[in-house]
Amino acid sequence: MKAVRVHRYREDPHLDDVDEPTVIGPWDVIVEVGAAGLCRTDLHVIEGQWDHIQHPSLPYILGHENAGWVREVGSAVSNVSAGDTVIMHPLVTCGLCMACREGQDSHCDNATFPGLNVDGGMAEYMRTNARSVVKLDSSLQPADIAALADAGLTAYHAVRKAVPQLPPGSHAVVIGSGGLGHIGVQSLKALTAATVTVVDRSAEALELAHSLGADHTVNASSDGNGDAGRLLDITDGGAHVVFDFVGEHGTESLGVTALRNRGSYYSIGYGGAVNIDTIEIISREINVVGNLVGTYTDLVELMTLTAQGKVTLHTQKYDLEDAVQAMHDLDSGALVGRGILVPRLNK
């Protein structure tokens, strides 16, 4: 089969011919990939940022946002069968550790992470397990929802955590309305009554955010000057929650400055650093909240909202063979919404 593999860090991945995966264990599920989402994390993987965390053996197949059709299952699998349409939770988890038993499977002690430390879904087939597959409503197609497996799930997870802080009359600020942020906007509108303000440097991204229900939009200046002041004016003294879907190039400072006292800065995008004097944390009673990918339950809830038409993905589709070009488009900012790699798109 065709697969997009990282051979060396800081170099473009290769499109290789490799063996198809097979069932090895009783809980294995082989999925024919219908679509794989392209994420900025994939760029960070290629840069080597995840090497010291995930320790993958090179070469391996990228792709941690995957959906498709079940083709084969292990002897113990009973929740899906051949032909079912599924989306995969990004992690393959054990179900036995305390984190899994508490429903915090994103922190499984024994997880593998397809696309980050084992072979992922930028290929024609992939192997996952029964705990990771969510059977989809028949109205949903893999190419339309694959990126919800991580981008959507991460954005939804952050918003879901913040719901108690966002009652009617509250104000949320979303920094970045790209692949994650535009899902965050929709999740906020679906789960809360908060007023939503979106900040981005792209007019197209802001237009998309407005069409998805954002109440206010701010076109960020190239040097960041004045952005915090505008946000403080719009939010009447600061946001109750800031969701930073960028996490670098100064958005960290902007997000903290745009908070009101006792507000919370939700760090979702990454690559930069949050630098706050401890006296500021104490005197303002502000919170910095980290957000990993969501749980299996979060993914089930998100897919329910998607089937109800309350969350949709804005996508740009590429053939799997054009993966490197898609990555360059993402890196240059030419992508609005989410890039989706579809095997055999033009066949």
Side-chain angles (χ1 to χ4, degrees), residues 1 3 20-37 39 61-97 99-101 103-154 156-157 183 292-308 311 313 320 340-343:
M1 68 174 184
E20 294 178 7
T22 59
V23 169
I24 298 173
W27 298 103
D28 286 350
V29 177
I30 304 299
V31 175
E32 180 183 351
V33 178
C39 178
I61 303 171
L62 288 169
H64 58 277
E65 300 179 337
N66 308 302
W69 304 275
V70 175
R71 286 296 173 254
E72 188 178 357
V73 299
S75 59
V77 178
S78 60
N79 58 322
V80 293
S81 56
D84 286 343
T85 306
V86 292
I87 190 169
M88 279 76 86
H89 188 276
L91 277 72
V92 176
T93 56
C94 73
L96 299 174
C97 68
C100 282
R101 298 219 185 247
Q104 297 297 324
D105 39 322
S106 303
H107 296 278
C108 171
D109 292 340
N110 307 299
T112 59
F113 205 146
L116 270 78
N117 60 19
V118 296
D119 286 339
M122 289 189 187
E124 294 176 298
Y125 295 89
M126 70 170 290
R127 179 171 52 237
T128 183
N129 78 0
R131 280 183 53 80
S132 296
V133 291
V134 177
K135 188 175 178 179
L136 294 178
D137 184 277
S138 59
S139 66
L140 301 176
Q141 295 300 312
D144 297 328
I145 50 80
L148 292 175
D150 179 46
L153 180 57
T154 300
Y156 179 82
H157 177 65
I183 300 300
L292 191 62
V293 69
T295 65
Y296 184 92
T297 302
D298 289 331
L299 183 57
V300 172
E301 293 178 3
L302 177 59
M303 298 317 300
T304 300
L305 289 176
T306 304
Q308 293 173 348
V311 171
L313 269 173
L320 180 67
I340 303 293
L341 304 179
V342 181

Separation of Ile145 CD1 from Leu302 CG (nearest 0.5 Å)
9.5 Å
Any residue meeting side chain to side chain contact (heavy atoms under 4.5 Å, CB included) with Ala147, in chain and number order, not counting sequence neighbours:
Glu65, Leu313, Arg338, Ile340
Flag the pair Val29 / Val86 as yes when at least one side-chain heavy-atom distance between them is below 4.5 Å, and no otherwise.
no
Please round to the nearest 0.5 Å and tell me the distance separating atom CG of Leu292 and atom CG of Leu91.
7.5 Å
Results of side chain to side chain contact (heavy atoms under 4.5 Å, CB included) for Gln141 - residues two or more places apart only:
Asp144
On a heavy-atom basis, which atom in Val342 and which in Ala35 lie closest, and how many Å separate them?
CG2-CB, 4.4 Å
To check you understand the geometry: which heavy-atom pair defines the closest contact between Ala111 and Cys108, and what is its length?
N-SG, 3.4 Å
Check whether any side-chain heavy atom of Leu140 lies under 4.5 Å from a side-chain heavy atom of Thr85, and answer yes or no.
no
Shortest non-hydrogen separation from Ala36 to Ala146 and the atoms involved
N-CB, 4.3 Å
Would you tabulate the side-chain donor-acceptor contacts of residues 67-82 under 3.5 Å, counting partners in other chains and residues two or more places apart, or write 'none'?
residue	atom	partner	partner atom	Å
Arg71	NE	Glu32	OE1	2.6
Arg71	NH2	Glu32	OE1	2.7
Asn79	ND2	Ala130	O	3.0

Thr295: which residues meet the side chain to side chain donor-acceptor pair (under 3.5 Å) condition with it, sequence neighbours left out?
Asp298
Output all residues satisfying side chain to side chain donor-acceptor pair (under 3.5 Å) with Arg127, sequence neighbours left out; order by chain, then residue number.
none
Test of understanding: with salt bridge (charged side-chain N to carboxylate O under 4.0 Å, His left out), list the residues that count as partners of Asp28, not counting sequence neighbours.
none
How close do Ala149 and Ile87 get, counting heavy atoms only, and between which atoms?
N-CD1, 3.7 Å
Once you round to the nearest 0.5 Å, how far does CG of Leu153 lie from NE2 of His89?
5.0 Å
Using the side-chain hydrogen bond (donor to acceptor under 3.5 Å, both in side chains) rule, collect all pairs that involve residues 104-116, keeping only residues at least two apart or in two chains.
none
What residues, two or more places apart in sequence or in another chain, satisfy side chain to side chain donor-acceptor pair (under 3.5 Å) together with Thr154?
Asp150
Could you walk me through whether Val133 and Thr128 pass the side-chain contact (heavy atoms from CB on, under 4.5 Å) test, one step at a time?
CA-CA 8 Å; Val133 291; Thr128 183; 3.8 Å; yes
What I'd like to find out is whether the side chain of Met1 reaches to under 4.5 Å of the side chain of Pro343, using heavy atoms alone.
no
Could you pull out all donor-acceptor pairs under 3.5 Å where a side-chain atom in residues 115-123 meets a protein atom, sequence neighbours excluded?
residue	atom	partner	partner atom	Å
Asn117	OD1	Phe113	N	2.7
Asn117	ND2	Gln54	OE1	2.7
Asp119	OD1	Ile61	N	3.0

Atom of Asn129, atom of Thr93 and distance for their closest heavy-atom approach:
ND2-O, 3.1 Å
How close do Tyr156 and Leu305 get, heavy atom to heavy atom, and via which atoms?
CE1-CD1, 3.6 Å
